[in-house]
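Take a look at the structure below.
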Number of protein chains: 2
Amino acid sequence: MEEPGTKSSPRDRIVDTATALFRKHGIRGIGVDAIVEAAGTNKMTLYRHFGSKDELVAECIRGQAAHADEKWAKLACEYPNDPVGQLGGWIKMVANYICTEVHGCDLVNTAIELHEDEHPARAVIAEFKTVHLRKLAEVCRAAGAADPELLANTLYMLMEGARVSRQINGADGPSARFMRVAEAAVAASIAAGVAGAAEVG
Amino acid sequence: MEEPGTKSSPRDRIVDTATALFRKHGIRGIGVDAIVEAAGTNKMTLYRHFGSKDELVAECIRGQAAHADEKWAKLACEYPNDPVGQLGGWIKMVANYICTEVHGCDLVNTAIELHEDEHPARAVIAEFKTVHLRKLAEVCRAAGAADPELLANTLYMLMEGARVSRQINGADGPSARFMRVAEAAVAASIAAGVAGAAEVG
DNA sequence: CGTAAGTGTGACTGACCTGTAACTATCGGG
DNA sequence: CCCGATAGTTACAGGTCAGTCACACTTACG
């Protein structure tokens, strides 16, 4: 409807600004007044586009999830028909997140901060994380892991643990070993899978 | 100064009540008015004992950390001179936490919710988690792990990841496999340690 | 009895919060 | 040139927040 690049719409500015401010101060740590002021707009525009602050939060989360989906799709393109390479790429991507996004996963942080069960953002978060885990398991299966679901669960726990630990124990904490541990888990599972297949075959 | 059991002091009631309410609603989700009302006391008593809400938060965290230290000490008593047994006990303890404390680790949740770097609770949390990790590494070393620090970091990431995942992916998510994965990691590391020692010896 | 420490009470401040209302300004398409 | 949609302005409602104050009460101890 509008050329992007010339001048972003108030709606987009609100979402982008809110995402950044929520990340920095937490959901409850920033008010809508501060958001609209930083976005260079006003409160009425915010409430016309999003019915409530909670809906704005959900929209921000949706944007983050979409961005993560893109990253995942790019990974599949980079390693076509190479699930083992995809697993390695995923590990590298997560390791990169740990180094650059020091504050952890926004979806996890939001889920932990929001204690209301009926919050619209919760469903978005749960859906995304479930799909992420399923995709990971599929890649593990394609890579020939002995127990693909077990490997996916292991990698998932390591990822979440590393990103949480990065915030508390710092860069030199356990998260520094994430890549090494994850790669070892993948190698062991694939080796066992090959051995198992050989036994059968 | 006062017999415990007859009637708890207002101070203790405030800490216990605040801990429970913070857990249920989050730090920013509950006000001091609600805390003192639930504790059967008043705001002035709270502010006479703790200079601010932030200090009360830090005191609650200190209490939780002390409780966790007790659990750890009990573990050492249950498996005297048996570091391998202690590792198994630790895994079982964490697995039990995952099942019973569905909302995750209060220290982690608080650290994620509090975005102010200078918050008095942050130092308490970082200190406790660092000590926990060091203790874990010492037990791994005593148990004869090939790379004790690596094993400790692995177990730590699995623990944090499992407890976070429990909140988002539910009981049937990756956290259901925590015990199995953790025990396998311990077994593999100890086996490699024994093999390495045999090579040397 | 006297005193002192700890505790309870309710009113209060000033700031901040989400959300609404009424009105005005801009701008593109018919 | 007007219409309708989008956006901006100002003001405010109705709450909640942390934190303070003066004052009264209970309890224990000498």
Side-chain angles (χ1 to χ4, degrees), chain A residues 1-19 21-61 110 113-116 118-122, chain B residues 1-19 21-61 110 113-116 118-122:
Chain A
M1 310 297 180
E2 201 175 326
E3 280 94 352
T6 58
K7 212 174 62 179
S8 59
S9 72
R11 200 198 122 101
D12 291 346
R13 269 179 291 145
I14 288 172
V15 172
D16 292 347
T17 308
T19 301
L21 290 178
F22 286 152
R23 203 183 341 246
K24 187 179 282 181
H25 301 101
I27 308 288
R28 307 194 80 132
I30 199 81
V32 292
D33 295 277
I35 292 171
V36 295
E37 192 193 337
T41 179
N42 58 81
K43 227 189 311 190
M44 272 319 298
T45 302
L46 187 153
Y47 278 100
R48 272 190 288 254
H49 283 293
F50 317 95
S52 66
K53 185 188 182 183
D54 288 347
E55 277 303 328
L56 172 60
V57 172
E59 187 60 33
C60 291
I61 293 294
T110 302
E113 188 179 351
L114 297 178
H115 288 237
E116 309 99 322
E118 73 284 0
H119 195 291
R122 289 201 78 90
Chain B
M1 308 296 181
E2 202 176 326
E3 281 95 349
T6 57
K7 211 173 61 180
S8 59
S9 73
R11 200 197 123 101
D12 291 345
R13 270 179 290 147
I14 289 173
V15 172
D16 292 345
T17 308
T19 301
L21 290 178
F22 287 152
R23 200 179 348 241
K24 185 179 283 182
H25 301 100
I27 308 287
R28 307 194 81 133
I30 199 81
V32 292
D33 296 278
I35 292 170
V36 296
E37 191 192 337
T41 178
N42 57 80
K43 231 190 306 192
M44 270 319 298
T45 302
L46 187 154
Y47 279 99
R48 274 190 284 252
H49 283 292
F50 318 95
S52 67
K53 185 188 182 184
D54 288 348
E55 278 302 327
L56 172 60
V57 172
E59 187 60 32
C60 290
I61 293 294
T110 302
E113 189 180 351
L114 297 178
H115 288 238
E116 309 100 321
E118 72 285 0
H119 196 290
R122 288 201 79 89

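Naming convention: chains lettered A, B, ... in sequence-line order (proteins, then strands); numbering from 1 in each chain.
Between the side chains of B:N42 and B:T45, at least one donor N or O lies within less than 3.5 Å of an accepting N or O.
Distances shorter than 4.0 Å separate some side-chain N or O of B:T41 from OP1 or OP2 on C:dG8. Residue A:T45 places at least one side-chain N or O closer than 4.0 Å to OP1 or OP2 of D:dG8. OP1 and OP2 of D:dT6 both lie 4.0 Å or more from every side-chain N or O belonging to A:H49.
Spacing between atom CG of B:N42 and atom P of D:dA22 amounts to 16 Å, rounded to whole angstrom units. Following rounding to the nearest Å, B:I14 (CD1) and C:dG6 (C1') show an atom-to-atom distance of 12 Å. Rounded to whole angstrom, the span from the CD atom of B:E37 across to the P atom of C:dT9 amounts to 11 Å. A:R48 places its CZ atom 16 Å from the P atom of C:dG19, with the value rounded to the nearest Å. Atom P of nucleotide D:dT20 and atom CG of B:L46 are separated by 11 Å, given to the nearest angstrom. Atom CE in A:M44 sits roughly 8 Å away from atom C1' in C:dA21 (whole-Å rounding).
The backbone N or O of A:G26 lies less than 3.5 Å from no partner atom in the side chain of A:E113, so there is not a single donor-acceptor pair. Of the possible polar contacts, none joining the B:K24 side chain to the B:I30 backbone as a donor-acceptor pair under 3.5 Å is found. A donor-acceptor pair is defined here as one N or O able to donate and one able to accept, closer than 3.5 Å; no such pair exists between the side chain of A:E59 and the backbone of A:V15.
More than 12 heavy atoms of other shown residues, nucleotides or ligands fall within 6.0 angstrom of atom CD in A:E116.
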Next item on the list: Would you mind building the protein contact string for nucleotides 13-18 of chain D? One character per nucleotide, 5' to 3', B for base within reach (heavy atoms under 4.0 Å), S for sugar-phosphate only, - for untouched.
Entry: ----SS
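Between atom CZ of residue A:R48 and atom CZ of residue A:R11 there is a gap of 14.0 Å, rounded to the nearest 0.5 Å.
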